[in-house]
Amino acid sequence: MNEIRFPLSCIQTGSSSELTPRLVPPAGYIRVVLGLLSFYLMPSCPWPAISCYLLSFLLDEVDGSVARAMDQCSRFGAMMDMLTDRCATTCLLLNLSLLYPSYTFLFQLSLCLDISGHWLYMHSSSIKGSASHKTIDLSENPVLRVYYTNWTFMLVVCYGYELFFCLLYLLHHLQEPAAWFYWLLGLCGIICLLKTFINLVHLVTAAQDIAALDAADREKRQ
């Protein structure tokens with residue numbers, strides 16, 4: 001079975017039994033602090049808030065680069081990375097629901113697909129014994145194959161998804177946005193739709209994998 005492996009942001013020292021949460025790279029904890037600061041500032045200070053939010057998001061790549069350079073890995077680091085991303089997006093969408101109440105259902109739908117798709121896909125990867133949800137079988141869903149094997153494509157989709165919500169937040173606070181702002185918002189909106197579709201694919205693929213594992217377990221018991 002051919003696989004593509006992307007090391008996650010995490011720290012390992014010595015044997016696997018020596019992995020401890022406190023050894024996660026500092027960038028991981030800085031992301032959490034910046035995220036919390038951003039949430040606190042969102043109601044009253046849009047530019048500092050969105051600056052902290054985007055910096056926290058960009059540090060995710062720094063965190064991962066450090067981990068790859070040092071060849072370090074831990075399950076805690078992987079899970080912390082996932083939880084930080086999901087919590088950050090959740091809090092931003094909660095704020096957007098207050099700013100744009102007419103679109104609350106769309107924000108809720110996007111959030112449900114984001115959380116459920118990532119969580120179930122990571123859970124199914126763990127059950128199958130993969131080192132990471134980013135470790136995939138090349139025979140799996142073609143959409144996810146492109147998503148996880150093309151690093152540039154993944155970064156563009158992830159950044160565009162987050163930037164779309166950030167631009168929506170700023171749009172509420174800007175008096176007269178420039179034309180380029182609307183063009184960028186529209187482009188990121190298309191990327192956001194693509195990322196939402198990929199989240200749905202995550203959810204369906206993971207559900208099928210878990211159902212197949214359940215069926216295999218029943219056959220073994222018979």
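What you see below is based on every heavy atom in this structure, not just the backbone, and it leaves out hydrogens, waters and symmetry mates.
- Side chain of S124 to main chain of A206: no donor-acceptor pair is present (N/O by atom type, distance under 3.5 Å, no hydrogens or angles).
- Here the side chains of H202 and L113 are not in contact, with every heavy-atom distance at 4.5 Å or above.
- Its side chain outside the 4.5 Å cluster rule for every partner, L193 clusters with none of the Ile, Leu, Val, Met, Phe, Trp and Tyr residues.
- Shown here are the side chain to side chain donor-acceptor pair (under 3.5 Å) partners of N95, two or more places apart in sequence or in another chain: there are none.
- In this structure, Y100 and T104 have side chains that are not in contact, with every pair of non-hydrogen atoms separated by 4.5 Å or more.
- Residue pairs satisfying the salt bridge (Lys or Arg N to Asp or Glu O under 4.0 Å) criterion with at least one member in residues 193-204, sequence neighbours excluded, are absent.
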Under 3.5 Å donor-acceptor pairs involving side-chain atoms of residues 157-175, not counting sequence neighbours:
unit_1: Y161; atom_1: OH; unit_2: S110; atom_2: OG; d: 3.2
unit_1: E162; atom_1: OE1; unit_2: Y53; atom_2: OH; d: 2.5
unit_1: E162; atom_1: OE2; unit_2: T89; atom_2: OG1; d: 2.6
unit_1: Y169; atom_1: OH; unit_2: M42; atom_2: O; d: 2.7

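- The stretch residues 100-116 participates, sequence neighbours left out, in these salt bridge (Lys or Arg N to Asp or Glu O under 4.0 Å) pairs: R86-D114.
- The side chain to side chain contact (heavy atoms under 4.5 Å, CB included) search around Q208 returns V204, not counting sequence neighbours.
- In this structure the side chain of D85 never reaches within 4.5 angstrom of the side chain of H118, judged on heavy atoms.
- Counting non-hydrogen atoms of other residues, nucleotides and ligands closer than 6.0 Å to CZ of F181 gives a total above 12.
- Contact of the Y121 side chain with the L144 side chain is registered, since non-hydrogen atoms from C-beta on lie closer than 4.5 Å.
- In F153, the CZ atom is crowded: over 12 heavy atoms of neighbouring residues, nucleotides or ligands sit closer than 6.0 Å.
- Across every non-hydrogen atom of L41 and P48, the tightest pair is CD1-CB, 3.9 Å.
- The two residues C91 and F39 have their closest heavy-atom pair at CB-CE2, 3.5 Å.
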